[in-house]
J.: 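The structure follows.
These numbers were taken from a predicted model, which means no experiment stands behind them.
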Amino acid sequence: MIKVGDSLPQATLMEYSEVEGEGCSIGPNPVDVGKTAAGKTIAIFGLPGAFTPTCSAKHVPGYVEHQAALKAAGVDEIWCVSVNDAFVMGAWARDQKTEGKVRMLADGSAAFAKATGLTLDLEARGMGLRSNRYSMLVKDGKVAALNIEAPGKFEVSDAATLLAQAKA
């Protein structure tokens, strides 16, 4: 499992773009994790799934609400990573009003979740292999802080906890 001091794994996430611009076409576009994280401070939070209760009611809204404070604390970008396809993440981004605040990145095959060791087996609930709920502060591609939730919990991966770590 990934830990503080480790580099992010080489992986490609997908991001749905509603408008063409800055080299991105409309529709799903690849995001090379290593290249995109290089030289930046990024707040990443992972969660089990788009449109799920805790994720939609608490996790994403907290990061949207704290975006300006995270930016003021030196965070360049905020990433939400979930084992969903880019189209679902795009629809969820519209629903959660994340544009310009949180990048909604799809880990459709759970490759990033597997590479970090942050998977959650929800087969018994009909959801298959998913991402565990976590947050991490990443500086120039290396994990500076990592907060992993216990199963069924939402206590340490929230935006306020990561904001305090970014300010430290």
J.: When you compare the side chain of Tyr16 with that of Met89, does any pair of heavy atoms fall below 4.5 Å?
T.: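 Met89 vs Tyr16: side chains apart.
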J.: Among residues two or more places apart or on two chains, list those pairs meeting side chain to side chain donor-acceptor pair (under 3.5 Å) that have a residue in residues 55-65.
T.: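 Matches after skipping sequence neighbours: Ser56-Trp92, His59-Arg133, His59-Ser157.
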J.: Would you give me the side-chain donor-acceptor pairs under 3.5 Å for residues 7-14, sequence neighbours excluded?
T.:
residue	atom	partner	partner atom	Å
Ser7	OG	Lys142	NZ	3.1

J.: Go through the steps to decide whether Ile78 and His66 satisfy the test side chain to side chain contact (heavy atoms under 4.5 Å, CB included), and finish with yes or no.
T.: CA-CA 10 Å; Ile78 302 169; His66 286 84; over 6 Å; no
J.: Salt bridge (Lys or Arg N to Asp or Glu O under 4.0 Å) with Asp95: which residues, sequence neighbours excluded?
T.: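 Partners of Asp95 under the salt bridge (Lys or Arg N to Asp or Glu O under 4.0 Å) test: none.
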J.: Using only atom types and a distance under 3.5 Å, with no angle test, would you say the side chain of Arg130 pairs donor to acceptor with the backbone of Leu120?
T.: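 No.
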J.: Could you pull out the closest heavy-atom pair between Gln67 and Gly100, with the gap in Å?
T.: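 For Gln67 versus Gly100, the nearest heavy atoms are NE2-O, 4.1 Å.
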J.: Can you list, pair by pair, the side-chain donor-acceptor contacts under 3.5 Å of residues 38-45, counting residues two or more places apart and other chains?
T.:
residue	atom	partner	partner atom	Å
Lys40	NZ	Thr36	O	3.3
Lys40	NZ	Glu77	OE2	2.8

J.: Minimum heavy-atom separation for Ala106 and Ala86, please, with both atom names.
T.: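 Heavy-atom minimum between the residues: CB-N, 3.4 Å.
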J.: Would you call Met104 and Glu15 a side-chain contact if the rule is heavy atoms closer than 4.5 Å?
T.: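 Counting from C-beta outward, Met104 and Glu15 never come under 4.5 Å.
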J.: Minimum heavy-atom separation for Glu155 and Lys153, please, with both atom names.
T.: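 That would be OE2-CD, 3.6 Å.
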J.: Start with the C-alpha distance between Ser82 and Asp107, add both sets of side-chain angles, then the distance that settles side chain to side chain contact (heavy atoms under 4.5 Å, CB included), and finish with yes or no.
T.: CA-CA 6 Å; Ser82 184; Asp107 185 19; over 6 Å; no
J.: Could you state whether Leu118 and Leu129 fall into the same hydrophobic cluster, counting links through intermediate Ile, Leu, Val, Met, Phe, Trp or Tyr residues with side-chain heavy atoms under 4.5 angstrom apart?
T.: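 Unlinked, Leu118 and Leu129 end up in two clusters.
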J.: Measure the spacing between NZ of Lys101 and CG of Leu70 and express it to the nearest 0.5 Å.
T.: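 Taking NZ in Lys101 and CG in Leu70, the distance rounds to 12.0 Å.
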J.: Quick one: does any side-chain atom of Glu99 pair with a main-chain N or O of Ala93 as donor and acceptor, under 3.5 Å?
T.: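 Between the backbone of Ala93 and the side chain of Glu99 there is no qualifying donor-acceptor contact (under 3.5 Å).
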J.: What about Val156 and Met136, same hydrophobic cluster or not, with Ile/Leu/Val/Met/Phe/Trp/Tyr joined at side-chain heavy-atom distances under 4.5 Å?
T.: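 No: no chain of side-chain contacts under 4.5 Å links Val156 to Met136.
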J.: Measuring from atom CG of Leu105 to atom CH2 of Trp79, what distance do you get when rounded to the nearest 0.5 angstrom?
T.: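 Rounded to the nearest 0.5 Å, the CG-CH2 separation comes out at 6.5 Å.
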J.: Are Val102 and Phe154 joined in one hydrophobic group, where the rule is that I, L, V, M, F, W and Y side chains link up if heavy atoms are under 4.5 Å apart?
T.: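 Result: no, two separate clusters.
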J.: Output the distance between atom CG (Asp158) and atom OG1 (Thr54), rounded to the nearest 0.5 Å.
T.: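 Rounded to the nearest 0.5 Å, the CG-OG1 separation comes to 12.5 Å.
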J.: If we ignore angles and hydrogens, is there a donor and acceptor under 3.5 Å between the side chains of Ser135 and Asn147?
T.: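 There is such a pair (donor and acceptor under 3.5 Å, judged by atom type) between the side chains of Ser135 and Asn147.
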J.: Membership question, hydrophobic clusters at under 4.5 Å side-chain separation (ILVMFWY): are Val75 and Val64 in the same one?
T.: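 Yes: a chain of side-chain contacts under 4.5 Å links Val64 to Val75.
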J.: Using the rule that two of Ile, Leu, Val, Met, Phe, Trp, Tyr join whenever any of their side-chain heavy atoms come within less than 4.5 Å, decide whether Leu137 and Met1 are in one cluster.
T.: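 Different hydrophobic clusters.
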J.: Can you name the residues that form a side-chain contact (heavy atoms from CB on, under 4.5 Å) with Ser109, not counting sequence neighbours?
T.: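 Ser109: no side-chain contact (heavy atoms from CB on, under 4.5 Å) contacts found.
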J.: Check whether any side-chain heavy atom of Phe112 sits under 4.5 Å from a side-chain heavy atom of Thr119, and report yes or no.
T.: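 When only atoms from C-beta onward are counted, Thr119 and Phe112 do not touch, as no gap falls below 4.5 Å.
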J.: Tell me the closest heavy-atom pair linking Val83 and Ser131, and the distance in Å.
T.: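 Distance-wise, the nearest heavy atoms are CG2-N, 3.6 Å.
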J.: For a quick test of reading the model, state the closest non-hydrogen atom pair linking Ala69 to Leu163 and the distance between them.
T.: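 Looks like O-CD1, 3.5 Å.
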J.: Compare every heavy atom of Cys55 with every heavy atom of Pro48, then report the nearest pair and how far apart it is.
T.: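 Taking every non-hydrogen atom into account, CD-SG, 3.8 Å.
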J.: Considering only residues two or more places apart or on different chains, which pairs with a residue in residues 67-76 satisfy salt bridge (charged side-chain N to carboxylate O under 4.0 Å, His left out)?
T.: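 Those involving residues 67-76 do not exist here.
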